[in-house]
Amino acid sequence: MPELPEVETVASELTQVLKNKKVKAVKVHEPKTVNFLVRDFEKKLKNKIIKKVWRRAKLLVIEFEEGLYIAAHLKMTGQFLYQSNNNKLTGGGHPEDFYLQKIPSKFTRVEFALTDGSHLYFNDIRKFGWLKLFSKKDLEEFLKNMQYGPEPLEKDFTAEYLFEKIKNRNVPIKPLLMDQKLIAGIGNIYAAEVLFKAGIDPQKKANVLTKIEVKKIYQAIVSILKLAVKYKGTTADNFADIFGQAGNYIKKLKVYGRKDQSCLVCGSKLKEIKQAQRTTVFCPKCQR
DNA sequence: CAATCGTCCTGCGGGC
DNA sequence: TGCCCGCAGGACGATT
């Protein structure tokens, strides 16, 4: 669920609130969430100062002084929630906003107390998410092993790159767009949205796509991801930003989660299929 | 190289 | 009303 726009939102907000703050204490409630023995993980982070938080693919990286890093993956249900020293989550009180999880809750896997009295919580219902503590060298090694493809909003991601990489691939285009080694950061929601915007059937094999079709896909990737970042992502399930606010791109979704509803362009019935054990919704008339 | 399945985990919704 | 089943999905490893 959290894909590039959601993770980007969390990274930039975390940088805003955590920059130059010092860790007072860490509590790990779920040992399997972290890559060290609980007491070691807690000890290594004590008194460390946070420099910034950034994103690579769907990975969040919290950078500390002295070359220490936490790489975090939210997987499906992970959330970072921030509570400043004197108030609760901002919430907002709009009923449509989101159901706010109480923090800490039974889903709080790791909590960070900062010396200014604020707290950061890593919540995760399904325990797929993780926090890995790395030295600079370990982080570089880890990222190298991941073999992430280019960032879709950076200059090295081009229509030509995309065409060259997929022109010989005899696989359906939709699951391919979710391959992190091809492009970093696209998941099930945005892959579906991109192909709708580009007017391409998700079942179409990559190696039959023309240069023009690939260019349409490329343009859809860039424009949709940019807009989704601007909207602070999509809350289709339980994504929230660090203040517990839902992402607004859900209002812009054209196909994801709209099985059997009518196409917003042509009015025909949207169809749901399974591809590589993932659901894909598309318009059989608009996407060919 | 491609396709598929199992795994991790829990809440929720559909069906009866 | 209540219970069971299966779905949701990011990413990796194993198998065919």
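Proteins come first, then strands; the chains are lettered A, B, ... in the order of their sequence lines, and each starts at number 1.
- Relative ring orientation between A/W54 and A/Y69 is described as perpendicular, the plane-to-plane angle rising above 60° on a 0-90° scale split at 30° and 60°.
- The interatomic distance linking A/I189 (CD1) with C/dG10 (P) rounds to 8 Å, in whole Å.
- Using a 4.0 Å heavy-atom criterion, one finds that A/Q277 contacts the bases of the nucleic acid, with or without backbone contacts as well.
- At C/dA11, one or more side-chain N or O atoms of A/K58 fall inside 4.0 Å of OP1 or OP2 (strictly under the cut-off).
- A straight line from CG of A/L176 to C1' of B/dC1 spans 12 Å, rounded to a whole angstrom.
- Mapping A/F128 and A/A276 onto DNA chain B via the closest heavy atom, the residue that lands nearer the 5' end is A/A276.
- At a threshold of 4.0 angstrom between heavy atoms, the contacts of A/T77 with the nucleic acid are absent.
- Taking only side-chain nitrogens and oxygens, A/H73 comes nearer than 4.0 Å to OP1 or OP2 of C/dA11.
- Counting to the nearest Å, the P atom of C/dA8 and the CD1 atom of A/I273 are 13 Å from each other.
- With no hydrogens or angles considered, a side-chain donor-acceptor pair links A/T280 and A/K174 at under 3.5 Å.
- Closest to the side chain of A/I125, from the set C/dG10, B/dT10, B/dC8, is B/dT10.
- Between A/Y249 and A/Y190, the angle of the ring planes lies from 30° to 60°, which puts this pair in the tilted group.
- Closest to the A/K181 side chain, of the nucleotides B/dG11, C/dC12, B/dT10, is C/dC12.
- Taking atom CZ on A/F239 and atom C1' on C/dA8, their separation rounds to 18 Å, with Å as the unit.
- The environment of NZ in A/K24 is sparse: at most 12 heavy-atom neighbours from other residues, nucleotides or ligands sit within 6.0 Å.
- Distances shorter than 4.0 Å separate none of the side-chain N or O atoms of A/K127 from OP1 or OP2 on C/dG10.
- The side chain of A/V171 lies closest to B/dA3, out of B/dA3, B/dT10, B/dG11.
- For A/Y256, taking side-chain heavy atoms from C-beta onward, the closest of the listed nucleotides C/dA8, B/dA2, C/dC12 is C/dA8.
- In the set C/dA11, B/dC8, B/dG11, the nucleotide with an atom closest to the side chain of A/R278 is C/dA11.
- Taking the centre and axis of the six-membered ring of A/Y231, the NZ or CZ atom of A/K251 falls outside the cone set by 45° and 6.0 Å.
- Atom CE in A/M76 sits roughly 12 Å away from atom P in B/dT10 (whole-Å rounding).
- Separation of atoms CZ (A/F243) and NZ (A/K232) is listed at 8.0 Å; rounding is to 0.5 Å.
- Counting to the nearest Å, the C1' atom of B/dA3 and the CD atom of A/Q203 are 16 Å from each other.
- Proximity of A/K274 to the phosphate of B/dT4: no side-chain N or O atom is located under 4.0 Å from OP1 or OP2.
- You'll find that the side chain of A/Q180 is closest to C/dA11, out of C/dG10, C/dA11, B/dG11.
- In this structure, CG of A/L74 is placed 17 Å from P of B/dT10, rounded to the nearest angstrom.
- Across the protein-nucleic acid pair, A/D124 atom CG and C/dA11 atom P stand 14 Å apart, rounded to whole Å.
- Across C/dA11, C/dA8, B/dT10, the shortest atom-to-atom separation from the side chain of A/E272 is found for C/dA8.
- Distance from the side chain of A/F107 is smallest for B/dT10 among the nucleotides C/dA8, B/dA2, B/dT10.
- Across all strands shown, A/K75 has heavy atoms under 4.0 Å from base atoms, whether or not it also approaches the sugar-phosphate.
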